[in-house]
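Order of listing sets the numbers, starting from 1, for every ligand and every atom in it. Note that these values count all heavy atoms, side chains included, but never hydrogens, waters or copies made by symmetry.
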Amino acid sequence: MIPMTLLLAASGWKAEPWLDRFRRLAPALKVVTLADTYDPAEIRYAATWKPPVGLLATLPNLKAIINLGAGVDALLTDATLPDVPLARVVDPDLTSRMRDYVVLHVLYHHRRMDLVAAAQREHRWLSIDQPAPGEVRVGILGYGHLGAAAAAALAGLGFDVAGWSRSPRSEAGPIPVFSGAEGLSTFLARSDILVALLPLTPETRGILNRDLFRQLPRDGVLGGAVLINAGRGGLQVEADILAALDEGALLAASLDVFDKEPLGPESPLWSHPRIVITPHNAADSDPEALAGFVVEQVRRVDAGLPLENLVDRRLGY
Ligand SMILES: NC(=O)c1ccc[n+]([C@@H]2O[C@H](COP(=O)([O-])OP(=O)(O)OC[C@H]3O[C@@H](n4cnc5c(N)ncnc54)[C@H](OP(=O)(O)O)[C@@H]3O)[C@@H](O)[C@H]2O)c1
């Protein structure tokens, strides 16, 4: 009998921590990596992060793809991707890492740590205004699993938070959620700090551009608008961020993601005094936490149940 095998195809990631976790969680599950010799016909499930283009199309008996990150934009660029159910990881560990990243950077800009750190380098005692969190309006662009968790944490700290999503919310919650093109301008006009946590889709590519930055308020208590992008690099037009910083549409930015990663050493973003760069590590996928989601999806496929967190390929997320 052909074994039911899981293929782990995670480009650039160390395989051993995942294999070790799979062994502990599901000792009977056969797991192979791209470094192993395997029969393509034995692969029933694929756990992926940016697998080689065309790879999944070579697996004739594939029943499910489980993406090990929250965003499936890279996977969906593969025109040969087999038409089998595709799930993406949603997990409290990943969500809390992103929540913490957003809180860290909102507080950094709220407390003007850029100015404080610059003053320290000059041995200068700088006294700056400290607005209350309730005076700072934070807008979460992409009010999904990660956005809603970040919003709740910021609201808990007293910030004045709102969200923006594609579809309207059927019930009003404690945090106002704007939606669609019609809700965007009003949402932007009340975002002193704009946090982008959108998936990268044909609709959202390039959304963080000069026109959008010009709709952000300049009269907030921070003295200008701040951008935090931890979604995807393709959401932003990097030249427009620099132009918006120059013309005053943006006061500062924290960027975790870039059009081309790693960000090249020649990029002017690195040395801009009002940009904080982080190396796409807002929320890492930790095998210790996430392998359980994969094993559960394998169990569901074997039991004839639908995958959790199914991706809608038509929408791209
Ligand atoms: N930097 C990192 O380390 C890192 C780590 C993990 C994830 N990410 C990024 O974070 C993204 C979000 O993850 P998630 O789990 O929160 O995704 P999610 O639960 O699918 O939420 C996505 C949100 O974006 C909204 N949205 C999608 N297309 C839109 C459009 N055209 N207009 C307006 N709103 C739109 C959705 O609206 P609806 O609610 O109406 O569907 C939803 O609120 C991922 O796709 C990934 O790119 C980055």
Note, Asn229 side chain near Asp256 side chain (heavy atom, < 4.5 Å): no

Side chains of Tyr317 and Asp73 in contact at under 4.5 Å (non-hydrogen atoms): no

Under 4.0 angstrom from ligand 1, any heavy atom of [X]?
X: Arg97; result: no
X: Tyr101; result: no
X: Thr204; result: yes
X: Ala230; result: yes
X: Arg169; result: yes
X: Leu200; result: no

Within ligand 1, which atoms have a heavy atom of [X] less than 4.0 Å away?
X: Ser167; answer: 38 (P), 40 (O)
X: His280; answer: 1 (N), 2 (C), 3 (O)
X: Met98; answer: 1 (N), 2 (C), 4 (C), 5 (C), 48 (C)
X: Arg232; answer: 8 (N), 9 (C), 46 (C), 47 (O), 48 (C)
X: Arg88; answer: 14 (P), 15 (O), 17 (O), 18 (P), 19 (O), 20 (O)
X: Asp256; answer: 1 (N), 2 (C), 3 (O)

Verdict with reasoning, Arg88 to Glu308, per salt bridge (charged side-chain N to carboxylate O under 4.0 Å, His left out): CA-CA 8 Å; Arg88 68 188 191 89; Glu308 296 171 302; over 6 Å; no

Polar side chain donor-acceptor pair, Asp302 to Tyr45, under 3.5 angstrom: yes

Between Arg190 and Thr186: side-chain donor-acceptor atoms closer than 3.5 Å: no

Option of least heavy-atom distance to atom 24 (O) of ligand 1 (set: Pro199, Gly144, Ser165): Pro199

Please say whether [X] places an N or O atom under 3.5 Å from an N or O atom belonging to ligand 1.
X: Tyr143; answer: yes
X: Ala283; answer: yes
X: Asp73; answer: no
X: Asp284; answer: no
X: Trp164; answer: no
X: Leu197; answer: no
X: Gly142; answer: no
X: Thr201; answer: no

Shared hydrophobic cluster for Leu208 and Ile228 (ILVMFWY, side-chain gaps under 4.5 Å): no

Per-residue contact class, Leu198 against ligand 1 - non-hydrogen pairs under 4.0 Å: both

Ring geometry between His110 and Phe159 (parallel below 30°, tilted from 30 to 60°, perpendicular above 60°): perpendicular

Under 3.5 Å: donor-acceptor pair, side chain of Asp91, backbone of Asp93: yes

